[in-house]
Protein chains: 2
Amino acid sequence: MLTGIPRIKGAKAAHYSCFEKVEMAQKPATLKDVAAFANVSRATAARALNSYGYVGDETAQRVQEAAEKLGYRGNRLAQALRNGQLPIIGCILGDIQNPFFARIAHDIEALARRSRYNLIIGSSEEQLEQEVSLLASLQSLSIRGFIVAPTSDENNIHLKRLIEENVPLVLIDRVVQGIDCDSVVVDNEGGARKAIEYLIAMGHRRIGLLQDDTRIFTSRARLSGYQSALVAAGINPDDRMISVSQSTVEHAIDATIRLFSQKSPPTALFTVDSLMTQGALLAFRSMGISIPHDVSLIGFDDFNLATFTDPQITVVAQPVSEIGLAAARLLFERLSGHSRQTRQIRFETKLLVRGSVSRRQDV
Amino acid sequence: MLTGIPRIKGAKAAHYSCFEKVEMAQKPATLKDVAAFANVSRATAARALNSYGYVGDETAQRVQEAAEKLGYRGNRLAQALRNGQLPIIGCILGDIQNPFFARIAHDIEALARRSRYNLIIGSSEEQLEQEVSLLASLQSLSIRGFIVAPTSDENNIHLKRLIEENVPLVLIDRVVQGIDCDSVVVDNEGGARKAIEYLIAMGHRRIGLLQDDTRIFTSRARLSGYQSALVAAGINPDDRMISVSQSTVEHAIDATIRLFSQKSPPTALFTVDSLMTQGALLAFRSMGISIPHDVSLIGFDDFNLATFTDPQITVVAQPVSEIGLAAARLLFERLSGHSRQTRQIRFETKLLVRGSVSRRQDV
DNA sequence: AATATGTGTGAGATCGATCTCACATTGTCT
DNA sequence: AGACAATGTGAGATCGATCTCACACATATT
């Protein structure tokens with residue numbers, strides 16, 4: 001039988017001790033240090049600092065002073081190891097660069113900070129695999145609160161397992177079938193429908209849709225709102241009016257150009273997110289198509305430059321400032337142990353009519 | 001003396017499976033579980049899984065299989081407690097909503113992920129106190145790598161202490177006097193100077209400055225570039241040409257209106273960051289001032305809507321995509337222990353001439 | 001007086017992974 | 001044969017905070 005190849009370890013220890021003498025990096029004070037300084041046991045020191053159990057007044061005083069003098073700050077790692085959870089919230093989003101997610105992350109962080117939680121942010125970059133591995137990595141940190149914008153509707157064993165293990169989880173922006181947990185979303189379908197109804201009311205019949213990957217929940221819901229509004233108005237959905245692209249400005253430009261290079265292009269366009277709206281704007285500019293004269297435009301999700309363009313862009317606005325807040329609240333409720341029915345919050349959207357839609361008499 | 005009792009194989013597993021059915025929240029498998037399952041000691045299991053020391057081939061195999069079967073994932077918390085550091089990078093920025101910081105955070109996260117590090121993000125909200133408390137909270141987590149955009153130039157004992165304790169630290173966007181550590185900044189002064197020189201070359205003499213709180217490093221440096229360009233051109237800096245505001249769109253609007261409500265307002269304006277540029281744009285629109293006809297504008301920091309406006313805005317662009325990358329690289333170099341001289345990276349800026357500056361013959 | 005109760009304190013176990021050490025084996029070299 | 005190295009393995013200590021005990025005194029109650 002072959003023997004294993006020796007895995008050589010080497011004189012690591014010797015090296016370390018050698019370094020230590022050189023770099024006098026003084027370690028932070030531990031509870032043991034404080035206890036020694038106050039001349040009590042660790043147990044008593046802990047009692048004094050966390051005020052539980054019985055501690056003599058005078059002793060408590062002494063421990064407090066010792067802690068102060070030594071600049072004692074508990075080691076959160078050790079605490080977490082002991083009590084099984086680390087006061088950190090894991091937040092897995094599509095991309096922090098997306099202002100929508102950035103705002104949400106910011107709000108969550110601010111709220112978490114007040115409860116002395118920290119926030120770990122991970123980008124799934126819309127890839128299921130990355131979402132799974134990030135989640136696993138955070139779980140092995142004993143993190144017990146997650147806010148996730150799930151990339152995919154399928155293959156959600158990792159989320160199911162979280163629920164089974166009773167780990168507090170809030171889904172935002174998108175929900176997932178078969179997963180019963182707290183969630184915060186907006187009425188994507190209704191928002192899209194409102195936009196299309198408005199365009200129809202303004203006389204448009206050939207209404208284009210610039211949409212994202214249909215694997216993404218929001219994209220699918222918005223498509224469905226688009227279709228139902230058309231059908232309700234007796235307009236036959238036409239595949240040639242729909243262009244699919246990835247959610248980046250660059251891809252959206254190409255997709256828009258494709259859509260408007262047809263013989264009879266749409267007279268209006270609805271875009272499913274703000275990056276695509278921006279792509280459409282740039283595409284129109286490069287094609288010499290003017291808004292709202294040549295084409296009308298409505299985008300889903302408000303964005304800061306919507307009011308900087310001329311004309312300003314009509315959009316379906318989501319209550320972005322509410323989403324992160326609501327998600328964080330739900331999560332903290334669950335973290336504080338009140339287990340209750342899961343709650344699904346759905347915010348309404350609002351059509352902000354600005355100047356990018358014009359009435360169409362002809363057709 | 002007790003005799004070595006042979007380890008019983010199935011006993012433990014049976015116990016667990018019994019519990020599993022009752023309490024759904026099954027705890028993740030520990031090394032102890034794996035060891036028991038493979039019928040070896042914890043020490044041996046650890047050796048097999050981390051490939052160090054001597055382990056028999058057949059034993060190693062058995063441990064691997066046990067780990068797989070039980071879905072073992074090491075508890076990073078326990079590991080961190082043992083070896084003194086948690087593979088997490090702490091990132092303290094002004095505000096993640098600022099696209100500049102969002103981009104940087106995104107890049108750092110992506111790079112960290114590859115090294116199996118996670119990223120904790122905290123917003124200082126430009127408040128020293130919050131920066132200090134965030135840092136303390138992260139330190140008590142045994143986090144040993146920080147990337148910080150320091151809020152203030154003074155009162156930096158907390159940063160000094162980090163350096164003394166030999167904690168890897170990289171400052172971005174701003175440096176701090178008296179703190180010798182790695183840093184990544186841009187040439188703020190040079191960038192501002194280039195902008196002002198360009199305005200002067202275009203015939204402007206009454207050049208306004210819309211600037212941020214001078215406690216902020218970048219703001220000070222940009223002011224200094226503004227002044228030195230004026231002086232070099234023989235123009236006397238005039239306080240009435242300078243307006244100070246907080247770095248938000250709303251405050252910038254007010255400040256711009258103040259500046260341009262004077263008897264002889266500036267003919268050109270330089271804004272020190274992109275939020276202020278946006279504020280200025282809105283203010284001009286509300287005042288009926290047209291760019292570049294009535295006033296010329298250059299902003300520091302490119303931003304996505306700069307190319308969406310008409311005319312497009314001329315800006316001093318920073319290599320945003322390089323900053324996060326460079327910072328993360330410096331940090332990981334230090335984390336990997338190669339202690340060396342500190343390095344100060346300074347990127348050049350680039351004046352992107354677009355359409356918001358016009359030549360001024362008169363005055 | 002004997003028992004209960006209320007205070008105050010410390011020893012030691014625990015969380016999970018890792019590392020040092022001691023102790024077995026086996027094989028190899030004089 | 002005896003000495004010595006190369007392997008393989010397990011017991012126990014360690015990281016730092018917390019919690020359960022057990023124990024020591026008080027004072028209060030029957």
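A, B, ... follow the sequence lines: proteins, then strands. Residue 1 opens every chain. Computed from a predicted structure; not experimentally measured.
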Taking [atom1] from [X] and [atom2] from [N], how many angstroms apart are they, rounded to a whole number?
X        : N       : atom1 : atom2 : value
Lys27(B) : dG16(C) : NZ    : P     : 8 Å
Glu58(B) : dT7(D)  : CD    : C1'   : 15 Å
Leu31(A) : dT18(D) : CG    : C1'   : 9 Å
Leu81(B) : dG16(C) : CG    : P     : 12 Å
Asn83(B) : dA17(C) : CG    : P     : 13 Å

Between [X] (side chain only) and [Y] (backbone N and O only), is there a donor and an acceptor less than 3.5 Å apart?
X         : Y         : value
Asn39(B)  : Ala36(B)  : no
Asp173(A) : Ala149(A) : no
Asn50(A)  : Arg47(A)  : no
Asp107(A) : Ile104(A) : no

Quiz item: In residues 65-77 of chain B, which residues come under 4.0 Å of DNA chain C by heavy atom?
Solution: Tyr72(B), Gly74(B), Asn75(B)
Practice problem: Please list residues of residues 32-41 of chain A whose heavy atoms come under 4.0 Å from any atom in DNA chain C, ordered by number; otherwise none. | Solution: Val40(A), Ser41(A)
Practice problem: List the protein contact pattern of nucleotides 19-27 of chain D with one symbol per nucleotide (5' to 3'): B for base contact, S for sugar-phosphate-only contact, - for none; contact means a heavy-atom distance under 4.0 Å. | Solution: B--------
OP1 or OP2 of [N] less than 4.0 angstrom from a side-chain nitrogen or oxygen of [X], does that happen here?
X        : N       : answer
Thr44(A) : dT9(C)  : no
Tyr54(A) : dG8(C)  : no
Thr59(B) : dT9(D)  : yes
Gln79(A) : dG16(D) : no

Residues 72-87 of chain A side chain polar contacts: donor-acceptor under 3.5 Å, at least two apart:
{"unit_1": "Asn75(A)", "atom_1": "OD1", "unit_2": "Leu77(A)", "atom_2": "N", "d": "2.7"}
{"unit_1": "Asn75(A)", "atom_1": "OD1", "unit_2": "Ala78(A)", "atom_2": "N", "d": "3.2"}
{"unit_1": "Arg76(A)", "atom_1": "NH1", "unit_2": "Asn118(A)", "atom_2": "OD1", "d": "2.9"}
{"unit_1": "Arg76(A)", "atom_1": "NH1", "unit_2": "Ser137(B)", "atom_2": "O", "d": "2.7"}
{"unit_1": "Arg76(A)", "atom_1": "NH1", "unit_2": "Ser137(B)", "atom_2": "OG", "d": "3.0"}
{"unit_1": "Arg76(A)", "atom_1": "NH2", "unit_2": "Pro87(A)", "atom_2": "O", "d": "3.4"}
{"unit_1": "Arg76(A)", "atom_1": "NH2", "unit_2": "Asn118(A)", "atom_2": "OD1", "d": "3.0"}
{"unit_1": "Asn83(A)", "atom_1": "OD1", "unit_2": "Gln85(A)", "atom_2": "N", "d": "2.9"}

Salt-bridge test for [X] and [Y]: reply yes if a basic N is under 4.0 Å from a carboxylate O, no otherwise.
X         : Y         : answer
Glu125(B) : Arg113(A) : yes
Asp182(A) : Arg340(A) : yes
Lys160(B) : Glu154(B) : no
Glu58(A)  : Arg62(A)  : yes
Glu165(A) : Lys27(B)  : no

Work out which heavy atom in [X] is nearest to a heavy atom in [Y]; give both atom names and the distance.
X         : Y         : answer
Leu128(A) : Ser152(A) : CD1-CB, 4.3 Å
Val176(A) : Pro150(A) : CG2-CG, 3.5 Å
Ala48(B)  : Val55(B)  : N-CG2, 3.8 Å

Quiz item: Applying ring pair (Phe, Tyr, Trp, His ring centres under 6.0 Å), which residue pairs with at least one partner in residues 111-140 of chain A are found, sequence neighbours left out?
Solution: Tyr117(A)-Phe332(A)
Exercise. Note down the inter-axis angle between the two ends of the helix from dA1(C)-dT30(D) to dT30(C)-dA1(D), five pairs each, to the nearest 10°.
Key: 70°
